[in-house]
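Sequence lines set the chain letters: A, B, ... in the order given, protein chains first and strands last, and positions in each chain run from 1. Here the structure is a predicted model, which means the values were calculated and not measured.
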Amino acid sequence: MTAIGKKELVRTLEETGKLLELKGENPFKCRAFYNAARNLEMQEEEPQALVASGRLAEIKGVGKALQEKIVELVETGRLEYYEQLRSEFPDTLFDLFRVPGLGVKKVKAIYEKLGVASLGELEYACTENRLALLEGFGEKSQAKVLQGIAMVKRFRGRFLYSQARAEGQRVLEPLCGAPGVVQADLCGSLRRCKETVADVDLVASAGDPAAVLDALAALPGVEKVLERTDTKCRILLDSGIEVDLQVVPEEAFPAALAVLTGSKGHVAALKAWAKKKDYELTEAGLSRSDGEAVPCDSEAALFEQLALEWIPPELREATGEIEAAAEGALPKLIEPSDIQGIFHVHTTYSDGADTIEVMAREAQKRGYHYLGIADHSQSAFYANGLSEPRVRQQHEEIDRVNAKLKGITILKGIEADILPDGSLDYSDAVLASFDFVVASVHSSFGLSEEAMTARLCRALENPYTTMLGHPTGRLLLSRESYALDMEKILQAAQKHGKIIELNAHPYRLDLDWIFCKEARKRGIPISINPDAHETAGFDDVQYGVAAARRGWLEKGNVFNTQSVEQIKKRLGSS
DNA sequence: GCCGTTTTCGGCCCGACTGTTTTCAGTCG
């Protein structure tokens, strides 16, 4: 039986709704699929458990027909109804939904009236001005669509770090155990924890490369072998991600690992550094200028030979790490275990799937000492944002849970919408009732750079703002950052003593690591926040920590590495 | 397709923003 996850189920139901809408079905029928998908997304239990326990029927919006479909999907991993619908449209049509501003109605019009069913065709139609002439579209939407297509093309063939790492581990683990393999590791941008990557790079050492390459090709999940030489192999996984494996002799592994980890700029600088020290560094190993090989049994030993501190892969971006390593001045990077508590999690009060108590118990289980609840604020209708009476209600519940649980402190927070003018969407009296306020933008993304910068700066001036949430609003591989001047925002944060969030959700990782470095220089504390909407969301903290490490952050630069006492002092609550 | 009764079909429906219109439809969070 294929174990189908909640995400997959929700996606299939949403797509079914879209397909029905494309067909021109009754809009309420389409909505039934969207509603069911939304309500299922809010469930704590995985679909399989829901089916097994018979609780599926109790979920609002799931009637007899949808129950049958969900059971089919959960039990067989497929849904005939969905596949039938899907086969009625060209596969490429769904790419159009990735263009911002194109929803079902517009895609339907484009498909039916222009006969356009792929991104390439749409781009061509735009250059011929045909989209602008279509009813319901105009010059501006055509320009926006062209911009959107350019973005989608740029992101095509790239994967989120979280997904790529899972796929990398899926291949690496069996490979480590394959006969003849001495060592194997991830390398490339994945080892550097880059927020998005193009593929999975692996390096292994073995006496017989062919046997290792055979083992790779035979792994489950390998769709096909794309390329193969005596020592290298490139395969395609069923997830769509490509994996590159290079096999080297045992003695070459440390040098190969260092060189293949990159980045290009870092390796060039490392090679130049080696040369200056009368060495030559290549994938094949380290040697003296006279050609004599210098054995190194690990990457750390290789760096030591070069009179450098070992440089963590996250820092290998050619931004001064070699000079720092030479001076023994590398930062002591933050570790996941440094995180003492969590801010910015959602609960069932707004759009989260778990209750305050469930989230708190999970945080406690994971060894955290405090948990800052930050549900959506009142103007976030779409996310069931909290009206003022519901804020009071939540505070009473937090008091109750705090009294009940020992060893963890639940803090009263809110993720307050920053309105277009930069104000927050509660009265001062209500804002004053929170222990902390995460101020975030969730609307009017299209402001000019000037207006958006002023908006964020004003939010940072607000005495009730504790930290700025997901500062650029980007969604990796799907939405660009809104226009803003980050320098000015960092200046404002510094001036007003505010914290900036590093949103750890793998789609966001916002603040970007480049600006983490800048924030560190200015002494602006960064808070690594999972923005969790269910207990599983706590897992995302690791991605935030990885991004923080790329930004040279140490324990002392990160707000939520502090103890609960320090946090309370800073937040002014007792 | 779901829900809730008025037991057998009619109603279902977030608001701001954008860009298209010339009063509104579509998208988005």
Engineer: Over 60° means perpendicular and under 30° means parallel, so tell me whether A/H442 and A/H376 are parallel, tilted or perpendicular.
Structural biologist: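 Judged by the thresholds at 30° and 60°, the geometry between A/H442 and A/H376 is perpendicular.
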Engineer: Give the rounded distance in Å between these two atoms: CD of A/E415 and C1' of B/dG29.
Structural biologist: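 One finds 11 Å between C1' of B/dG29 and CD of A/E415, rounded.
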Engineer: Grab the CD-P distance between A/E68 and B/dG1 for me, whole Å please.
Structural biologist: 10 Å
Engineer: In whole Å, measure the gap between the P atoms of B/dT7 and B/dG1 for me.
Structural biologist: 24 Å
Engineer: More than 12 non-hydrogen atoms from neighbouring residues, nucleotides or ligands closer than 6.0 Å to CD on A/E450, yes or no?
Structural biologist: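 No, CD of A/E450 has 12 or fewer neighbouring heavy atoms, counting only those of other groups under 6.0 Å.
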Engineer: Expressed in whole Å, how much space separates the P atoms belonging to B/dG15 and B/dT22?
Structural biologist: 26 Å
Engineer: Looking for any heavy atom pair under 4.0 Å, which part of the strands does A/R38 touch: base, sugar-phosphate only, or nothing?
Structural biologist: nothing
Engineer: Parallel, tilted or perpendicular, judged at 30° and 60°: which one describes the rings of A/Y507 and A/H505?
Structural biologist: tilted
Engineer: Would you say a side-chain N or O of A/Y34 is under 4.0 Å from OP1 or OP2 of B/dT27?
Structural biologist: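 Result: no.
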Engineer: Taking B/dG10 as the reference, what is the distance to B/dC14 when you measure between their P atoms (whole Å, please)?
Structural biologist: 22 Å
Engineer: With no hydrogens and no angle check, do the side chains of A/E21 and A/Y34 hold a donor and an acceptor under 3.5 Å apart?
Structural biologist: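 Side chains of A/E21 and A/Y34: pair found under 3.5 Å.
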Engineer: Relative to the 5' end of DNA chain B, which residue comes earlier, A/F33 or A/G101, by the nucleotide with the nearest heavy atom?
Structural biologist: A/F33
Engineer: Could you tell me how far B/dT8 sits from B/dG4 if I compare only their C1' atoms? Round to whole Å.
Structural biologist: 11 Å
Engineer: Take A/K140 and A/E21, find for each the nucleotide of DNA chain B with the closest heavy atom, and name the residue whose nucleotide sits nearer the 5' end.
Structural biologist: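 It is A/K140 whose nearest nucleotide is closer to the 5' end.
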Engineer: Can you tell me, in whole Å, how much space there is between the C1' of B/dG19 and that of B/dT23?
Structural biologist: 13 Å
Engineer: Once each nucleotide of nucleotides 3-17 of chain B is scored for protein heavy atoms under 4.0 Å, what B/S/- sequence comes out, 5' to 3'?
Structural biologist: S--------BS-S-S
Engineer: What is the separation between atom NZ on A/K144 and atom C1' on B/dG26, rounded to the nearest whole Å?
Structural biologist: 10 Å
Engineer: Determine the Euclidean distance between corresponding C1' atoms of B/dA16 and B/dT5; express it in Å to zero decimal places.
Structural biologist: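 Taking atom C1' in both B/dT5 and B/dA16, they lie 34 Å apart.
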Engineer: Please determine if A/R86 and A/E15 form a salt bridge, counting it only when a charged side-chain N lies under 4.0 Å from a carboxylate O.
Structural biologist: yes
Engineer: CG of A/L102 versus P of B/dG26: gap in Å, rounded?
Structural biologist: 13 Å
Engineer: With a 4.0 Å limit, can you tell me whether A/R479 has a side-chain N or O closer than that to the phosphate oxygens OP1/OP2 of B/dC28?
Structural biologist: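 Indeed not, no polar side-chain atom of A/R479 lies that close.
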Engineer: Looking at every strand, decide which applies to A/E25 at a 4.0 Å heavy-atom threshold: base, sugar-phosphate, or nothing.
Structural biologist: nothing
Engineer: On a whole-Å scale, what distance lies between the C1' atoms belonging to B/dC17 and B/dT21?
Structural biologist: 15 Å
Engineer: Tell which nucleotide pairs with B/dT8, taking only Watson-Crick or G-U wobble pairs whose two distances are both under 3.5 angstrom.
Structural biologist: none
Engineer: Has A/R479 got its NZ or CZ under 6.0 Å from the middle of the six-membered ring of A/F445, at an angle within 45 degrees of the ring axis?
Structural biologist: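 Cation-pi check for A/R479 and A/F445: passes.
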Engineer: Would you kindly give the CG-to-P distance between A/L131 and B/dG19, to the nearest whole Å?
Structural biologist: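 One finds 14 Å between P of B/dG19 and CG of A/L131, rounded.
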Engineer: If we only count heavy atoms from C-beta on, is the A/H346 to A/D531 side-chain gap below 4.5 Å?
Structural biologist: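 Yes, at least one pair of side-chain atoms sits under 4.5 Å.
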Engineer: Above 12 or not: heavy atoms from other molecules or residues under 6.0 Å from CD of A/E135?
Structural biologist: no
Engineer: Nearest-Å distance, CG (A/L419) to P (B/dG29)?
Structural biologist: 17 Å
Engineer: Step by step, would you call A/F559 with A/F343 a ring pair (Phe, Tyr, Trp, His ring centres under 6.0 Å)?
Structural biologist: CA-CA 10 Å; A/F559 183 55; A/F343 289 98; 5.5 Å; yes
Engineer: To the nearest Å, how far apart are A/N39 CG and B/dG1 P?
Structural biologist: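 Taking atom P of B/dG1 as the reference, CG of A/N39 is at 17 Å.
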Engineer: If you count the non-hydrogen atoms of other residues, nucleotides and ligands that lie under 6.0 Å from NZ in A/K517, is the total more than 12?
Structural biologist: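 It does: A/K517 NZ has more than 12 such atoms within range.
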Engineer: Ignoring the backbone of A/S141, work out which of B/dT20, B/dG29, B/dC2 is nearest its side chain.
Structural biologist: B/dT20
Engineer: Taking the six-membered ring of A/Y82 as reference, does the NZ or CZ atom of A/K69 fall below 6.0 Å from its centre and within a 45° cone about the axis?
Structural biologist: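 No, cation not above the ring by the 6.0 Å, 45° rule.
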Engineer: At under 4.0 Å between heavy atoms, what does A/F97 touch on the DNA or RNA strands: base, sugar-phosphate, or nothing?
Structural biologist: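 It contacts nothing in the nucleic acid.
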Engineer: CZ of A/F445 versus P of B/dT18: gap in Å, rounded?
Structural biologist: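 For the pair A/F445 CZ and B/dT18 P, the rounded distance is 11 Å.
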Engineer: Could you write out each protein N or O paired with an N or O of nucleotides 21-25 of chain B at a distance under 3.5 Å?
Structural biologist:
none

